[in-house]
Number of protein chains: 2
Amino acid sequence: MSETASRPTLEAVAARAGVSRATVSRVVNGGDGVREPLVERVRRAVEELGYVPNQAARSLVTKRHDAVAVVIAEPETRVFADPFFALQLRGISKELTAHDNQLVLLLTEGRDDHARVARYLAGGHVDGALVFSLHLDDPLPGLIRGAGIPTVFGGRPGWSDATLPGASGPAAVEGIPATAPAAYPAPAASGAGPTVYVDSDNRGGAREAVRHLVGLGRTRIAHITGALDQTSAVDRLDGFRDVMRDADPRLIVEGDFTPAGGERAMRELLDRCPDVDAVFAANDLSASGALRVLREQGRRVPEDVAVIGFDDMLIVAEQTDPPLTTVRQDIEEMGRLMARLLLRRLDRRTGHDPAEAPTSVVTPTTLVRRASA
Amino acid sequence: MSETASRPTLEAVAARAGVSRATVSRVVNGGDGVREPLVERVRRAVEELGYVPNQAARSLVTKRHDAVAVVIAEPETRVFADPFFALQLRGISKELTAHDNQLVLLLTEGRDDHARVARYLAGGHVDGALVFSLHLDDPLPGLIRGAGIPTVFGGRPGWSDATLPGASGPAAVEGIPATAPAAYPAPAASGAGPTVYVDSDNRGGAREAVRHLVGLGRTRIAHITGALDQTSAVDRLDGFRDVMRDADPRLIVEGDFTPAGGERAMRELLDRCPDVDAVFAANDLSASGALRVLREQGRRVPEDVAVIGFDDMLIVAEQTDPPLTTVRQDIEEMGRLMARLLLRRLDRRTGHDPAEAPTSVVTPTTLVRRASA
DNA sequence: ATCCACGGCGAGAGCGCTCTCTCGGCGCCG
DNA sequence: CGGCGCCGAGAGAGCGCTCTCGCCGTGGAT
């Protein structure tokens with residue numbers, strides 16, 4: 001039962017140190033305006049009693065929580081197939097920890113669950129939110145903005161307010177609509193500020209991959225797209241088009257980020273264009289599917305057909321035969337950036353530096369050369 | 001600024017409904033002991049004002065937080081290589097959500113970080129903890145038990161109090177020490193109750209895999225172990241030994257759960273015992289490494305050498321050549337179970353049913369037959 | 001020497017909720 | 001028909017903290 005012997009309060013510390021509650025509070029929160037000898041006395045008392053501030057009581061008056069929600073709205077599939085979110089979480093966790101913030105994880109279980117998440121965020125239990133929602137038609141981002149809570153998105157959300165910053169060049173290539181098939185208008189911002197997101201340079205990375213293939217002397221370069229309801233897939237396709245402006249449209253075939261989709265697409269590709277001599281797949285998973293079909297059909301990689309993936313998902317890229325050349329993104333760093341952006345925004349709220357609105361960040365990618373191209 | 005117009009309080013709802021704060025509180029918390037007409041009036045007021053209870057204020061008086069911590073103490077490697085934790089998190093999240101509990105995620109960043117986590121848990125910010133710590137020499141479980149907070153472990157922790165329940169048969173095979181190389185004594189329980197964990201039936205699953213190989217008529221069956229500082233690896237080894245009591249010791253070779261480790265082990269195996277006709281690898285990753293070496297050395301799978309893995313990690317098992325026969329565990333269900341066990345324990349705390357201490361659970365595994373065995 | 005300014009510290013008022021205690025009203029038993 | 005018990009509702013006391021105020025002591029200016 002001694003476990004139930006409730007933990008010491010400010011009062012107790014004050015008594016032991018022979019000062020008032022207010023003074024202990026001051027010391028605990030930085031110690032400004034308290035003279036050295038007292039600070040020392042209070043510190044000792046805190047130490048001796050093993051005092052830990054009661055966060056609930058503190059929040060009650062400050063209205064801050066030092067907690068941030070991380071919302072992952074991926075319907076099953078992708079989250080659990082690759083370490084993407086795990087790595088982002090790690091980055092986020094590091095940054096939050098460094099600033100004494102807690103991470104509250106919210107996973108949505110199907111569409112109906114969005115309301116629950118929105119309610120939670122609007123309920124003022126956390127100071128801000130980091131939101132992953134990769135699908136263009138996902139209502140969640142809208143709901144969240146409606147909740148009026150500072151938010152940073154992971155990956156570019158699919159509305160028009162959130163177009164790519166300059167770094168990535170023109171958004172459309174002649175004749176072909178470059179952007180999302182189903183982009184919908186930005187939800188009204190209700191004091192939550194402009195849309196801020198962190199995304200990797202999908203378009204630039206795609207360009208680099210395709211240019212590499214061009215540099216290899218390939219001329220019949222194909223693209224297996226990702227699921228085109230996700231901005232990352234759209235951006236990678238745009239990057240492909242940036243370089244292959246006059247590409248044979250039959251060389252672009254729709255995949256879905258899965259190995260099976262990659263297989264299907266590769267079959268179709270070989271069928272339509274037997275002379276294909278290179279493939280840029282929208283991710284490593286579909287590249288691995290393509291690889292399998294190529295092998296099965298007796299095409300040598302990279303001699304006959306060069307293959308490049310995207311993501312540098314080690315568990316796949318290093319294990320394929322041959323090992324996969326691919327585009328790497330620093331996923332953990334992206335997570336860290338998201339957290340940093342959000343925290344900065346929260347800081348500002350408390351009246352720091354009202355100027356200089358935080359802005360979206362696009363992180364660079366690098367081409368990792370292995371054997372497949 | 002209207003966003004800052006602080007959210008309505010109980011007081012406001014009470015005023016609008018024309019009742020007292022206490023009554024509103026009762027309704028919000030289930031509505032027992034309030035007559036129907038009033039309940040209805042209050043509900044409407046809540047609805048109209050968009051009232052959401054202030055969790056901080058509530059916690060302050062109830063000393064409950066309706067939040068549990070999930071601690072993942074994996075030093076880098078495994079967490080982010082496979083979807084294991086992601087799936088567990090999903091299961092946990094589902095169960096917690098169903099009971100209106102929040103999930104606070106704590107990832108440790110290196111050894112020095114354990115103290116931080118322990119302090120947080122001891123600080124009474126959450127009602128309980130779900131802890132993943134797979135390494136036998138990890139100090140964290142000890143620290144956490146010291147914190148005196150109700151805890152359920154994911155995977156059997158490596159101390160003696162936490163031996164496998166009956167379901168799994170004898171813990172040792174004649175002559176050979178069956179248990180952990182470095183098991184250390186259970187930390188003193190300080191009111192946190194006995195060690196409770198959820199683990200899959202590693203040992204039983206291993207037995208089933210090996211028996212399957214025996215049933216195939218294989219006689220020279222080898223085992224590539226996992227990293228033996230983890231109980232799962234030890235248990236799988238024990239399961240192997242249960243069936244192969246008189247196994248040639250050279251047929252057991254140490255791996256580390258990685259593809260590279262699998263390759264290394266397989267080479268050594270072929271070197272030592274060229275007549276090997278089956279391999280049970282401690283997980284799919286090392287099985288995939290083994291598979292590659294076998295192919296490279298011209299052994300046909302499964303004709304010459306049958307191979308079985310463990311985990312049914314789809315991204316690997318379905319993509320190997322040939323697809324991998326393996327042992328599946330219901331990882332999401334394990335997560336759900338962990339959460340359920342913890343919540344039940346927390347319930348009990350509030351004086352429900354002091355009898356019947358919750359006990360560890362070992363979840364069943366199933367053999368998934370594909371082409372490799 | 002007197003006054004004022006200022007910095008250090010204590011007193012006390014809540015933050016929004018829960019929960020106990022009390023009181024009033026009604027049904028029921030004798 | 002009167003009293004007792006019980007149920008439904010309100011009043012009010014905190015939970016542990018922060019923060020504003022005001023007091024007091026010190027030091028510099030006059």
Side-chain angles (χ1 to χ4, degrees), chain A residues 4-43 45-46 49-67 100 122-127 350-351, chain B residues 4-43 45-46 49-67 100 122-127 350-351:
Chain A
T4 318
S6 52
R7 284 168 307 113
T9 69
L10 253 203
E11 191 79 51
V13 177
R16 178 163 195 119
V19 298
S20 72
R21 266 189 351 258
T23 298
V24 178
S25 177
R26 283 188 268 257
V27 171
V28 168
N29 292 294
D32 304 322
V34 180
R35 248 183 303 228
E36 197 39 53
L38 272 201
V39 171
E40 200 39 51
R41 271 228 310 276
V42 171
R43 290 247 159 83
V46 165
L49 294 174
Y51 170 75
V52 181
N54 179 324
Q55 182 62 39
R58 179 180 278 174
S59 292
L60 184 56
V61 30
T62 59
K63 277 127 172 48
R64 300 190 82 258
H65 300 85
D66 295 318
D100 284 316
H125 305 287
V126 291
D127 300 326
T350 66
Chain B
T4 318
S6 52
R7 285 169 305 113
T9 70
L10 252 203
E11 191 79 50
V13 178
R16 180 164 195 118
V19 298
S20 73
R21 265 190 352 257
T23 297
V24 178
S25 177
R26 283 189 268 258
V27 170
V28 168
N29 293 294
D32 304 323
V34 180
R35 247 182 304 227
E36 196 40 52
L38 272 200
V39 171
E40 200 38 52
R41 271 227 313 275
V42 171
R43 288 246 159 83
V46 165
L49 295 174
Y51 170 74
V52 181
N54 179 323
Q55 182 60 41
R58 180 180 279 173
S59 293
L60 184 56
V61 30
T62 60
K63 275 125 174 47
R64 301 191 82 257
H65 301 85
D66 296 317
D100 285 316
H125 305 287
V126 291
D127 300 327
T350 67

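Letters go in sequence order (proteins before strands), and every chain restarts at 1. Every value quoted in this text rests on a predicted model; they were computed, and no experiment measured them.
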Heavy-atom contact window of chain A on DNA chain C, given 5' to 3' at under 4.0 Å
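From 5' to 3', the first and last contacting nucleotides are C:dG8 to C:dG16.
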
Non-hydrogen atoms of [X] and [Y] that approach each other most closely:
X: B:Leu60; Y: A:Ala57; value: CD1-CB, 3.5 Å
X: A:Gly123; Y: B:Arg7; value: O-NH1, 2.9 Å
X: B:His125; Y: A:Gln55; value: ND1-CB, 3.6 Å
X: A:Ala14; Y: A:Arg21; value: CB-N, 3.8 Å
X: A:Asp127; Y: A:His65; value: OD1-N, 2.9 Å
X: B:Val42; Y: B:Thr23; value: CG2-CG2, 4.5 Å

If we check side chain to side chain contact (heavy atoms under 4.5 Å, CB included) with B:Arg26, which of these qualifies: B:Val34, B:Leu38, B:Val39?
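Checked B:Val34, B:Leu38, B:Val39 against B:Arg26; only one passes side chain to side chain contact (heavy atoms under 4.5 Å, CB included): B:Val34.
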
Would you give the length of the straight line joining atom CD of A:Glu36 to atom CZ of A:Arg43, rounded to the nearest 0.5 angstrom?
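Reported to 0.5 Å precision, the distance equals 7.5 Å.
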
Rounded to the nearest 0.5 Å, how far does CG of A:Leu10 lie from CG of A:Leu49?
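It comes to 11.0 Å.
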
Near DNA chain C, which residues from residues 18-28 of chain A have a heavy atom under 4.0 Å away?
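Heavy-atom cutoff 4.0 Å gives A:Val19, A:Ser20, A:Arg21, A:Ala22, A:Thr23, A:Arg26.
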
Within residues 51-61 of chain B, residues whose heavy atoms come under 4.0 Å of DNA chain C:
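Residues of residues 51-61 of chain B that come under 4.0 Å of DNA chain C are, in numerical order, B:Tyr51, B:Pro53, B:Asn54, B:Ala57, B:Arg58, B:Leu60, B:Val61.
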
Checking B:Val19 against B:Val24 for the side chain to side chain contact (heavy atoms under 4.5 Å, CB included) test, could you report, in this order, the C-alpha distance in whole Å, the side-chain angles of both residues, the deciding distance, and whether it holds?
CA-CA 7 Å; B:Val19 298; B:Val24 178; 3.7 Å; yes

